[in-house]
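Quick caveat: nothing in here was measured; it's all calculated off a predicted structure. Along the sequence shown, the residues carry numbers beginning at 1.
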Amino acid sequence: MTEGRLLAERGRRAVQRALFVGGIAVALGGCRIEPTNARGDGTTEEPDLAARAAAILETQAEAWNAGDLDGFMAFYDRSPATTYIGSAGLVEGFDGIRARYAPLFEAGAQRDSLRFEDVHARALDPRFGVVTARYVLYRGPDVTSTGPFTLVLMRVEGRWKIVHDQSAADPEPES
C-alpha cells in the first residue's frame, strides 16, 4: 500500500472511530459521558474546547465574509479522509470539500454573509471533540438560510481540525 493510501486509510479509520464514539454518545441521550485521560480523572488536554471551537467558527465566518476560501478551509484537516455531508450527499477529502465551496468564492459569485450561533462543544477524549451549532446565512437584515450542523474535531499536530462536517438546512417556512 502506498504511503498516501496508508495515511488516507488511517485518517478514514480515525474519523470512523470519532463518528462511532459520537453515535454512542447520541444514542445514550441523557447519560453523562465524562472524557478521561490516561490518569482517569476526567480532565482533557483542552480545558476550554467550547471557547476554541467558537474562535474557529468566528475565524471561518470572517474568512467567508471576506471572500477568503483558503482562510475558510484552514480549519479542515487536509486529509483525503476528511468528509462533509450536506443536502447533495457525501463529499470526501479536503480537496473535494474545497471544490464544493470554490464556486461560491469566484469573482462575481453571489455569497450571502455568514455567522454561527448556539455553539456547543465537548471533548470526547484528548484527541477528539464534537461541536454542534447553527449556521445563519443572511443578506442585509434578511436570513436566507439557516440550519444545524455537527463537526467532529480531531487534534492534528497539536491543533483542532475539522475531520467531519455534517450540515442541514432548516425547512423553508410554508406560506
Side-chain angles (χ1 to χ4, degrees), residues 4-5 7-29 33 35 49-50 52-65 68-106 109-125 127-138 143-156 159-173:
R5 289 183 62 189
L7 288 173
E9 182 60 27
R10 283 184 187 158
R12 188 175 352 275
R13 285 190 204 133
V15 169
Q16 288 171 339
R17 279 191 305 272
L19 291 173
F20 176 75
V21 170
I24 289 172
V26 169
L28 291 175
I33 298 174
L49 180 58
R52 184 65 192 130
I56 287 170
L57 293 174
E58 182 177 330
T59 302
Q60 277 195 301
E62 288 171 358
W64 176 282
N65 295 335
D68 177 6
L69 176 58
D70 292 330
F72 178 76
M73 293 295 300
F75 293 99
Y76 283 88
D77 186 29
R78 292 182 153 274
S79 167
T82 299
T83 52
Y84 170 86
I85 298 175
S87 60
L90 176 66
V91 179
E92 294 185 275
F94 176 88
D95 293 336
I97 296 167
R98 189 179 193 290
R100 179 225 181 270
Y101 283 113
L104 297 170
F105 289 83
E106 291 177 355
Q110 178 80 15
R111 185 183 61 258
D112 295 337
S113 296
L114 173 66
R115 70 176 181 262
F116 297 109
E117 299 176 345
D118 301 325
V119 177
H120 301 279
R122 66 185 164 147
L124 299 174
D125 68 21
R127 192 161 176 223
F128 290 99
V130 174
V131 177
T132 58
R134 295 187 69 73
Y135 74 87
V136 179
L137 291 172
Y138 61 96
V143 171
T144 57
S145 180
T146 183
F149 65 92
T150 301
L151 304 175
V152 175
L153 301 180
M154 183 172 77
R155 197 179 281 280
V156 177
R159 296 176 172 235
W160 288 107
K161 293 290 189 169
I162 300 166
V163 295
H164 178 73
D165 177 348
Q166 183 163 357
S167 299
D170 286 336
E172 295 288 325

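Listed for the Thr150 side chain is no donor-acceptor partner under 3.5 Å among the backbone atoms of Gln166.
The distance from the OG1 atom of Thr144 to the CG atom of Asp112 is 3.5 Å, given to the nearest 0.5 Å. We find the CG-OG1 distance between Asp118 and Thr132 to be 8.5 Å, quoted to the nearest 0.5 Å.
Taking the centre of each ring, Trp160 and Phe75 stay at or above the 6.0 Å mark.
Ala63 pairs by the side chain to side chain contact (heavy atoms under 4.5 Å, CB included) definition with Asp68, Phe72, not counting sequence neighbours.
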Between Leu124 and Val130, does the side-chain contact (heavy atoms from CB on, under 4.5 Å) criterion hold? Intermediate values first, please.
CA-CA 7 Å; Leu124 299 174; Val130 174; 3.5 Å; yes
Do Val119 and Val131 pass the side-chain contact (heavy atoms from CB on, under 4.5 Å) test, and can you show the C-alpha distance, the side-chain angles, and the key distance before you say yes or no?
CA-CA 7 Å; Val119 177; Val131 177; 4.1 Å; yes
Evaluation steps, side-chain contact (heavy atoms from CB on, under 4.5 Å), between Leu49 and Arg122
CA-CA 6 Å; Leu49 180 58; Arg122 66 185 164 147; 5.6 Å; no
Test side-chain contact (heavy atoms from CB on, under 4.5 Å) applied to Ile162 and Leu153, step by step
CA-CA 5 Å; Ile162 300 166; Leu153 301 180; 3.6 Å; yes
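Checked against Leu114 for a side chain to side chain contact (heavy atoms under 4.5 Å, CB included), the options Leu137, Leu57, Val136 give a single hit: Leu137. Among Leu151, Thr82, Asp77, the one residue that satisfies the side chain to side chain contact (heavy atoms under 4.5 Å, CB included) test with Lys161 is Asp77.
The number of heavy atoms from other shown groups lying within 6.0 Å of CZ (Arg78) does not exceed 12. No more than 12 heavy atoms of other residues, nucleotides or ligands sit less than 6.0 Å from atom CD of Glu172.
Side chains of Pro148 and Asp170 form a contact here, defined as non-hydrogen atoms less than 4.5 Å apart. Looking at heavy atoms from C-beta onward, Ile56 lies out of side-chain contact with Thr59 at the 4.5 angstrom threshold.
Checking Thr83 against His164 by side-chain atom types alone, a donor-acceptor pair falls below 3.5 Å. A donor-acceptor pair shorter than 3.5 Å can be found between the side chains of Tyr84 and Arg100.
Closest approach of Ala50 and Ala121 over heavy atoms only: CA-CB, 3.7 Å. Of all heavy-atom pairs spanning Arg111 and Asn65, the tightest one is NH2-O, 4.3 Å. Shown here for Arg98 and Met73, the closest heavy-atom pair between the two residues is N-CE, 3.7 Å.
Cation-pi contact between Arg115 and Tyr138: present, with separation from the ring centre below 6.0 Å and deviation from the ring axis of at most 45°. Seen from the ring of Phe116, Arg134 does not count as a face-on cation partner, given the 6.0 Å and 45° thresholds.
The aromatic rings of Trp64 and Phe105 sit perpendicular, their planes meeting at an angle over 60°, well past the 30° parallel limit.
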